[in-house]
Visitor: 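Submitted below is the structure of interest, expressed as structure tokens.
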There are 2 protein chains.
Amino acid sequence: MNRLYHFPLSPFSRKVRLSLAEKRIEVELVEERYWEQDSDFLRRNPAGKVPVLRLGNKLLSESAAICEYLEETHPNPPLMPRDADSRFEVRRLVGWFDDKFYTECTQKLLGERVFRKVMGTGYPDSTNVKAGSRAMRLHLDYMTHLLEHRRWLAGNEMSLADFAAAAQLSCLDYISDVDWNRSEVLKDWYAKIKSRPAFRSLLADQVPGFLPPSHYANLDF
Amino acid sequence: MNRLYHFPLSPFSRKVRLSLAEKRIEVELVEERYWEQDSDFLRRNPAGKVPVLRLGNKLLSESAAICEYLEETHPNPPLMPRDADSRFEVRRLVGWFDDKFYTECTQKLLGERVFRKVMGTGYPDSTNVKAGSRAMRLHLDYMTHLLEHRRWLAGNEMSLADFAAAAQLSCLDYISDVDWNRSEVLKDWYAKIKSRPAFRSLLADQVPGFLPPSHYANLDF
Ligand SMILES: N[C@@H](CCC(=O)N[C@@H](CS)C(=O)NCC(=O)O)C(=O)O
Ligand SMILES: N[C@@H](CCC(=O)N[C@@H](CS)C(=O)NCC(=O)O)C(=O)O
């Protein structure tokens, strides 16, 4: 049986879950407390990070590499366009969300507000939280700017770029850190992606000690 | 004329420089003090990061997306294998070096020892430097482990994975932070990659105030 070692509020795990579900590849989800770095986990992925995907007899890590692999081995439905320019734009945005958005927003907000408590590493650092909120506004505005010109983030078709973005945003939405009133087009985009069957499992996630707000799982938020 | 906006000791810029040179795509190098975030630079790349490549009339950012684009549009010589499993391994390792190695080693060593001074943000934090040196040993051992089973990092052909790794290591070698005595196979691998014509421009880099050690540009180090 295929397995995904993941953590509920890990954005990189969520991105892979969305790709798997969209391509109807069934996996058993196994929650991994990756910060405990137990030896079985390190054997599966010496990087000590989630997600790790066991697909048949293969062990795969690094979410961007996993998504490209799924794209090449399970091309339907496609999550990447065909021409080089459009593929570039998808990958540029995946990089933007995996690197820039994650570092500037997710780590600063979710890292401080949730993971410190889950991992037992002290109280939130308010300087980080403030920097994260400030960065959020810039990122939401950038997404709005893109969506004013395109149906989906990287172009006119839904792609891995939308999954990379929604994976990050959905984690922050779990702790009410996304101001959906800031932009109508952004809210519309998120409503479209949230209503896909692939999103269901994300909306059912729970992290003990942190209850999601009622709008979190609501398709009509 | 094609242009690469870069910074000499930026590992992501170096990775792209290596791909461009290997594929014989000529570019003019323009040094960008990216931390000053001037408005022209932000117009070229709203992420405010180097590298940024102007290729014809296109402006490209995000090094992994750029390298994949070059691979698709200039397939010769190939820097990616053809089958999905081998491509996965290349991308996994590119992710490993761009994310894990960069965060654990490059940021902690180069960031503290060089960039604080260049950017004027104070003295090196010795806790970071120590953590970086400790992480270096683990990473060099992991690379050694890979190279004991393969000619190149991701398999038997040179690939983007080798460039991603060499880009990071070469920046740290500039400040003598790579212990080449730790592993014979690793040193052999680096000697092979260092002697490629594509590497020449990296070995000529200079950052004012920081002289590289004599072995840095020496092919026989
Ligand atoms: N580049 C990796 C990043 C994965 C990642 O950073 N995962 C976090 C959880 S969201 C993690 O496992 N962090 C542990 C660590 O960095 O040691 C990927 O895309 O899969
Ligand atoms: N994911 C980006 C990372 C590039 C990056 O972080 N570049 C550094 C210099 S080595 C930078 O410009 N940092 C400025 C910043 O993060 O604001 C890529 O692969 O191009």
Side-chain angles (χ1 to χ4, degrees), chain A residues 12 37 42 45-49 51-53 55-75 80-104 107 135 138-139 141-143 145-146 154 160-161 164, chain B residues 12 37 42 45-49 51-53 55-75 80-104 107 135 138-139 141-143 145-146 154 160-161 164:
Chain A
F12 304 102
Q37 304 268 304
L42 288 174
N45 179 14
K49 299 193 183 215
V52 176
L53 177 62
L55 199 62
N57 60 3
K58 271 184 253 303
L59 273 174
L60 309 175
S61 58
E62 281 298 327
S63 65
I66 294 174
C67 291
E68 296 266 4
Y69 181 76
L70 295 177
E71 206 48 36
E72 294 184 356
T73 54
H74 298 73
M80 280 281 263
R82 300 293 289 275
D83 67 293
D85 285 7
S86 313
R87 292 164 77 79
F88 166 77
E89 183 63 356
V90 170
R91 291 182 176 127
R92 178 184 77 84
L93 288 169
V94 170
W96 177 291
F97 289 101
D98 284 5
D99 169 19
K100 189 175 171 75
F101 188 100
Y102 176 67
T103 314
E104 293 177 359
Q107 281 197 316
L138 296 175
H139 280 277
D141 290 350
Y142 182 58
M143 295 176 73
H145 161 76
L146 293 174
L160 286 176
Chain B
F12 304 102
Q37 305 266 305
L42 288 174
N45 178 13
K49 299 192 183 215
V52 175
L53 177 62
L55 200 63
N57 59 4
K58 272 187 250 304
L59 273 173
L60 309 175
S61 58
E62 282 298 326
S63 64
I66 294 173
C67 291
E68 296 266 4
Y69 181 76
L70 295 177
E71 207 47 38
E72 294 184 356
T73 54
H74 298 73
M80 281 281 264
R82 300 293 290 274
D83 67 294
D85 285 7
S86 312
R87 293 163 76 80
F88 166 77
E89 184 63 356
V90 171
R91 290 181 176 128
R92 178 184 77 83
L93 288 170
V94 169
W96 176 292
F97 289 100
D98 284 4
D99 170 20
K100 188 175 171 75
F101 187 100
Y102 176 67
T103 314
E104 293 178 358
Q107 280 197 316
L138 296 174
H139 279 278
D141 290 351
Y142 182 59
M143 294 176 74
H145 160 77
L146 294 174
L160 286 176

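Order of the sequence lines sets the chain letters (A, B, ...), proteins ahead of strands, with each chain counted from 1. Bear in mind that the values here come from a model prediction, so they are computed numbers and not experimental data.
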Visitor: Would you say B:W96 and A:P46 make side-chain contact, with heavy atoms under 4.5 Å?
Guide: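 Side chain of B:W96 against side chain of A:P46, heavy atoms only: contact under 4.5 Å found.
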Visitor: For the atom pair CG (B:D83) and OG1 (A:T73), what is the distance rounded to the nearest 0.5 Å?
Guide: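 If we round to the nearest 0.5 Å, B:D83:CG and A:T73:OG1 are 11.5 Å apart.
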Visitor: Taking the side chain as every heavy atom from C-beta outward, state whether A:V94 and B:E62 have any atom pair closer than 4.5 Å.
Guide: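 A side-chain contact under 4.5 Å is absent here.
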Visitor: Is any side-chain heavy atom of A:R87 less than 4.5 Å from a side-chain heavy atom of B:E72?
Guide: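 Contact flag for A:R87/B:E72 side chains = yes.
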Visitor: Checking heavy atoms, do the side chain of B:D85, its backbone, both or neither come under 4.5 Å from chain A?
Guide: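 For B:D85, backbone and side chain are both near chain A.
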Visitor: Need one label for B:L93: side chain, backbone, both or neither, based on atoms under 4.5 Å from any heavy atom in chain A.
Guide: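 Interface part for B:L93: neither.
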Visitor: CZ of B:R91 to SG of A:C67: how many Å apart, nearest 0.5 Å?
Guide: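 Answer rounded to 0.5 Å: 11.0 Å.
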Visitor: To the closest 0.5 Å, what do you measure between NZ (B:K100) and OG (A:S61)?
Guide: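 Result: 10.0 Å between the selected atoms.
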Visitor: Is chain A contacted by the side chain of B:A84, its backbone, both, or neither, given a heavy-atom distance below 4.5 Å?
Guide: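 Contact with chain A involves both backbone and side-chain atoms of B:A84.
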Visitor: Please classify the contact of A:I66 with chain B as side chain, backbone, both or neither, using a heavy-atom distance under 4.5 Å.
Guide: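 Both parts, backbone and side chain.
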Visitor: To the nearest 0.5 Å, what is the distance between CZ on B:F88 and CG on A:L55?
Guide: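 Spacing of CZ (B:F88) from CG (A:L55) equals 10.0 Å.
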